[in-house]
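Ligands are counted one by one from 1 in listed order, and the atoms in each one are counted from 1 as well. Computation of the quantities below employed the complete heavy-atom set of this structure, encompassing side-chain atoms and omitting hydrogens, waters and symmetry-equivalent molecules. Remember, predicted model here, so these are calculated numbers, not experimental data.
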Amino acid sequence: MGVDCDGNFLFIVRQLFIRPTLMTTASAPGKIILFGEHAVVYGRPALAVPVTQVHVEVNVSDSASPGIWIDASDVDLHAELNTLPSDHPIASVIHNFLFLSRVSTFPNLEIKITSTIPVASGLGSGAAVTVALTRALASHLDRSMTDAEVNAFAYEIEKLHHGTPSGIDNTVVTYAKPVYFVKGEPIEVFKVGKPFTILIADTGIAAPTKESVGDVRRLWREDKSRWETIFDKIGEISFTARRAIDAGKPEFLGGLMNENHALLQTLTVSSPELDRLVESARGAGALGAKLSGGGRGGNIIALVDSETAAPVSLALRETGARNTITTQVS
Ligand code: MEV
């Protein structure tokens, strides 16, 4: 009884003296790369689309306790900002945001981050956290930011954590549109002449993009002309794929996916688990399949239609896929 009375008393005091907090929410989708990963880091075109079935949500509200309190249960993070190393991926977004927005007095905030995007799986979880967190902070602190500003900021954050990113992940996640991307050039949203279906299957193996991108860079430094030729071939595949998508002929994408996967194997970024899933999808009737994203783990994508979607999904699960997602590109 005494405890109840104390609890009520504290609750009433809190209501009287602490102003009700306004909560600001922002979210960002995942993404998949259809064609052109790795080569895109070297200036070749790549195609990527948002995946709205998975997303990051960020809620920001005023905190009753001093400090900036971060709660990201999916990665088991419950901490005050200043107890985190400044290069922590979430802390660095907040520090850089406050610095660039010239916030002189640190606000007291509660930041809750939830995500359905698996980490280090090629689905753009890092970029999605950055974009959603930036938008939620901007909105809560009354700073207006255009998409271009959010994208430029997210690219700077990607550079801090991923070495030499092309910028494709932050771009697709920020604009949430199908993008034909060439590093350093204005974004081009591509037209889809006829919708098509992609099945995404997760190896369940976390593989940081930074590592595969770093390994490819080492290979490239050792023999630039060999790897530039591979990048050229991948770039041509992306270019051809865009034309097929635009012309409403997605059936051509299957063969292009298979060719792109073979080139990614040559680049050493596939893995036995990815290859097994790719083979399994093709064997079950997919028109084509390839790894998607940085590789070594993470996801594969397969081109399916209304008849093959179910058997391909089943075959992928039987081959060990942790999860499958079906997404329509339209
Ligand atoms: C990662 O989603 C795509 C890569 O091409 C890296 C990049 O473009 O920054 C592997």
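For ligand 1 and P165, the ligand atoms under 4.0 Å from any heavy atom of the residue are 9 (O). For ligand 1, the atoms lying closer than 4.0 Å to a non-hydrogen atom of I33 are 2 (O), 3 (C). Atom numbering of ligand 1 starts at 1 in the shown order; those under 4.0 Å from a heavy atom of E37 are 5 (O). Per-residue contacts place D169 under 4.0 angstrom from the following atoms of ligand 1 (heavy atoms of the residue considered): 1 (C), 2 (O). For ligand 1, the atoms closer than 4.0 angstrom to any heavy atom of V40 are 5 (O), 8 (O). Shown in contact with I168 at under 4.0 Å from a heavy atom are these atoms of ligand 1, numbered in order with element: 8 (O).
Figure legend: cation-pi geometry between R242 and Y180, with NZ or CZ positioned under 6.0 Å from the six-membered ring centre and within 45° of its axis.
Ligand 1 has G294 within reach: a non-hydrogen atom of the residue lies less than 4.0 Å from it. Under a 4.0 angstrom heavy-atom cut-off, K31 registers as being in contact with ligand 1.
No side-chain donor-acceptor contact under 3.5 Å links S313 to the backbone of A310. Without hydrogens or angle criteria, R44 side chain to S238 main chain gives no donor-acceptor distance under 3.5 Å.
T24 OG1 to L109 CG: the interatomic distance, rounded to the nearest 0.5 Å, is 9.0 Å.
Applying the ring-ring contact (aromatic ring centres under 6.0 Å, His included) test to Y155 and every residue at least two apart in sequence or in another chain returns nothing.
Among protein heavy atoms, atom 5 (O) of ligand 1 sits closest to H38 N, 2.8 Å.
Put simply, the residue from E37, E259, E279 that forms a salt bridge (charged side-chain N to carboxylate O under 4.0 Å, His left out) with K290 is E37. Just one residue in the list N151, V131, V129 forms a side-chain contact (heavy atoms from CB on, under 4.5 Å) with V173, and that residue is V131.
With hydrogens and angles left out, the side-chain atoms of T229 and D232 include no donor and acceptor closer than 3.5 Å.
For ligand 1, one of its N or O atoms has an N or O atom of S166 under 3.5 Å away.
For the residues L291, T171, V213, L123, the heavy atom positioned nearest atom 6 (C) of ligand 1 is part of V213.
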